[in-house]
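These numbers come from the heavy atoms of this one structure, side chains and all, not from hydrogens, waters or symmetry mates.
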Amino acid sequence: MMLKVQVTDGPHLTRTIALEGRLDFGSVGVLDTELDSLLEKPVKVLVFDLSKLEYISSAGLRSLFRAQKSVKAQSGKVVLLNPTPPVQKVLEIVEDSGVGDIFSIVEELDQNLDPTRKKVSEGE
């Protein structure tokens with residue numbers, strides 16, 4: 001299955017990237033193109049929705065790390081939402097690498113992001 005990428009703008013400079021399919025050497029260019037465009041604008045929170053991602057390779061991880069580095073340079077953060085079991089296994093292996101916080105449900109993510117969103121809305 002090819003990689004499908006859907007970007008959604010959220011409140012307070014939040015962007016969500018939903019990934020579906022396989023993120024590997026053959027498909028990473030699709031994500032990189034979207035990231036290049038998206039990261040040209042200010043982003044305080046970048047959410048990767050991994051609920052439909054079947055597989056991630058080292059090439060895919062590299063793109064996540066690149067996004068994390070770019071967003072962190074803007075004093076923002078990257079979070080990973082609802083990874084599938086195969087993707088979760090890979091993320092556990094690289095857990096200490098700092099690619100981003102991992103959340104299994106949207107409500108948990110929203111609670112974590114509330115302070116960041118408040119700062120953005122107050123102009124900090």
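For Lys44 against His12, the heavy-atom pair with the smallest separation is CB-O, 4.2 Å. Among all heavy-atom pairs drawn from Leu35 and Ala67, the shortest one is CD2-CB, 4.0 Å. The heavy-atom pair separating Gln68 from Val78 by the smallest distance is CA-CG2, 3.4 Å. Nearest heavy atom pair, residue Val28 against residue Ser63, reads CG2-OG, 3.0 Å. Contact record, Arg66 with Asp36: NH1-OD1, 2.9 Å, taken as the closest heavy-atom pair.
Scored by the side chain to side chain contact (heavy atoms under 4.5 Å, CB included) test, Val7 finds Val5, Ile17, Glu34, Leu38 as partners (sequence neighbours excluded). Residues passing the side chain to side chain contact (heavy atoms under 4.5 Å, CB included) test with Ser70, sequence neighbours excluded: Leu39, Gln74. Looking at residues two or more places apart in sequence or on another chain, you find a side chain to side chain contact (heavy atoms under 4.5 Å, CB included) between Ser57 and Asp24, Tyr55, Ala59. The side chain to side chain donor-acceptor pair (under 3.5 Å) test applied to Ser51 returns Asp49, not counting sequence neighbours. The side chain to side chain contact (heavy atoms under 4.5 Å, CB included) search around Asp9 returns Arg15, not counting sequence neighbours. A search for salt bridge (charged side-chain N to carboxylate O under 4.0 Å, His left out) contacts involving Arg62 returns nothing, not counting sequence neighbours.
Checking side-chain atoms of Thr16 against main-chain N and O of Val47 turns up no donor-acceptor pair under 3.5 Å.
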Stepwise side-chain contact (heavy atoms from CB on, under 4.5 Å) test for Leu23 and Val30: CA-CA 9 Å; Leu23 180 54; Val30 174; over 6 Å; no
Starting from the C-alpha separation in whole Å, work towards a yes-or-no answer on side-chain contact (heavy atoms from CB on, under 4.5 Å) for Phe48 and Val87. CA-CA 12 Å; Phe48 283 96; Val87 172; over 6 Å; no
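A distance of 15.5 Å separates NZ of Lys89 from CD1 of Ile56, quoted to the nearest 0.5 Å. Considering CG of Leu50 and CG of Leu64, their distance stands at 7.0 Å, rounded to 0.5 Å. To the nearest 0.5 Å, the span separating CD on Glu20 from NZ on Lys52 amounts to 5.0 Å. Annotation: the span from Asn82 atom CG to Leu80 atom CG amounts to 11.0 Å, rounded to 0.5 Å. Between the CD atom in Gln88 and the CG atom in Leu53 there is a gap of 12.0 Å [rounded to 0.5 Å].
By the 4.5 Å heavy-atom criterion applied to side chains, Leu61 and Leu91 are counted as neighbours.
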